[in-house]
Amino acid sequence: MPYFVSSIIAIVSAMIILFTRYEADDSAITGELEKMKSMFITIDGFVNTYIQSGGDLSEINFQKLSCNGILLGNIKDKVVPVNCDSDNTNDITSDNSDDNVKYSGNSSTLTFPEDKVIWQLIPMPSTDVDYGTSAGSAYKLLVDIRNNSTLMSKAIFSESFSGREFCEKMLFGTLELNRTSYDTATKNFIGSSTNKSDGIFVCIVFK
C-alpha cells in the first residue's frame, strides 16, 4: 500500500509539473503575441501618420519614416540624409551598432527597443504580378520572428495566428507565407517557400 500511494503521488507530482510547464509556455507565447499585435498596430499607425502628413505611399519604407520624424522617440537611428531616398547598400556603413533602424531605402529594417522581431516595410511595386494595380495605395510588411525563441518554439502557430488575427482580421490585409526576402532588382519581396514554420511571412495592407 505505501508503495502504491507513493507511486500515485509521484504520478500526480509529475502531472502538476507538466501542466505547470505548459501553462508557463502558453503564457509566454500569449505575451509575445500581444506584443506582436501592438507592433502591427504601431507600424500601421506610422504609415497613417506618414500619409496624413502628405507622404507618398509609393515611396514608403522605415528609413523614410525615420527621416520624416514619424517613428517613436525611443527608436534609435543615425539618420544620414542620403539614406532617406537611397537603396545603395553602401549606406549601411552609416548605421550605429545600436540603431533600431538599419540599412537604407527599401532595404531598411526596424527592430523595436527591447524586442527581437525584425520588420521590413516597402511600398507595393507596380510590377507585382498579383497586386501591382494597388501600387500607391498599399504597403508590404515582411515580418521576421526567427530571433524570438518563444515565438519560434511554436513557429507554425505563431506565424498562422499572427497572420490571421493581426494581418488579415485586424488590418484587413492579405497574408503571404511563401515570401522570405527582399529583392533589390524587382523592389519586391520574393520567395516560394512551403515551410510554414520558417519564421518569416509578409502582410499586405491596402489603404
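Just so you know, residue 1 is the first one in the sequence shown, and it goes up from there. Being a predicted model, the structure only gives us computed values, none of them experimental.
For the residue pair S193/D198, the side-chain donor-acceptor check at 3.5 Å is satisfied. S192 and N178 share no side-chain donor-acceptor pair at under 3.5 Å. Using modelled atom types and a 3.5 Å distance limit, the side chains of D183 and N188 yield no donor-acceptor pair. Counted by atom type alone, Q120 and N106 present zero donor-acceptor pairs between their side chains at under 3.5 Å.
Salt bridge present: D115 and K35 bring a charged side-chain N and a carboxylate O closer than 4.0 Å. Ion pairing between K64 and D56 fails under the 4.0 Å rule for side-chain N and carboxylate O. Taking 4.0 Å as the cut-off between side-chain N and carboxylate O, K76 and D98 count as a salt-bridged pair. Ion pairing between a basic and an acidic side chain is recognised when a charged N comes within 4.0 Å of a carboxylate O; E176 and R179 show such pairing. Ion pairing between K116 and D144 fails under the 4.0 Å rule for side-chain N and carboxylate O.
Between the side chain of K102 and the backbone N or O of N96 there is at least one donor-acceptor pair closer than 3.5 Å. Looking at Q63, its side chain never comes within 3.5 Å of a backbone N or O of G105 through a donor-acceptor pair. Side-chain atoms of S137 come within 3.5 Å of backbone N or O of S134 as a donor-acceptor pair. Side-chain atoms of S107 do not come within 3.5 Å of backbone N or O of Y103 as any donor-acceptor pair.
At least one side-chain heavy atom of K207 sits less than 4.5 Å from a side-chain heavy atom of I51. The shortest distance between side-chain heavy atoms of F157 and S197 does not fall below 4.5 Å. Using a 4.5 Å heavy-atom cutoff, the side chains of T174 and V205 are not in contact. With contacts defined as side-chain heavy-atom distances shorter than 4.5 Å, the pair L141/I43 qualifies.
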Legend entry - Evaluation steps, side-chain hydrogen bond (donor to acceptor under 3.5 Å, both in side chains), between T111 and N100: CA-CA 5 Å; T111 305; N100 297 109; over 6 Å; no

Legend entry - side chain to side chain contact (heavy atoms under 4.5 Å, CB included) evaluation trace for D95 with K78: CA-CA 6 Å; D95 288 323; K78 180 185 177 184; 5.9 Å; no

Legend entry - Full working for salt bridge (charged side-chain N to carboxylate O under 4.0 Å, His left out) between K154 and D26: CA-CA 10 Å; K154 295 183 179 179; D26 290 343; 2.8 Å; yes

Inset, instruction - Carefully, step by step, assess L142 and Y182 under the rule side chain to side chain contact (heavy atoms under 4.5 Å, CB included). - result: CA-CA 9 Å; L142 185 143; Y182 175 70; 5.8 Å; no

Inset, instruction - Apply side chain to side chain contact (heavy atoms under 4.5 Å, CB included) to the pair L72 and F46, showing each step before the final yes or no. - result: CA-CA 9 Å; L72 298 173; F46 290 155; 3.7 Å; yes

Inset, instruction - Under the ring pair (Phe, Tyr, Trp, His ring centres under 6.0 Å) rule, what do F166 and F161 come out as? Steps first, then yes or no, please. - result: CA-CA 8 Å; F166 307 146; F161 185 89; 5.7 Å; yes

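Taking each heavy atom of I145 and M152 in turn, the nearest pair found is O-CG, 3.4 Å. Between N74 and P113, the shortest heavy-atom contact is O-CG, 3.4 Å. Annotation for C167 and I204: closest pair SG-N, 4.3 Å, computed over non-hydrogen atoms. Closest heavy-atom contact between S158 and I29: OG-CD1, 4.2 Å. Smallest separation of non-hydrogen atoms from D77 and S66: OD2-OG, 2.6 Å.
Heavy atoms from other residues, nucleotides or ligands lying under 6.0 Å from CZ of R164 number more than 12.
The aromatic rings of W119 and F112 lie perpendicular to each other, with more than 60° between the two planes, well past the 30° mark.
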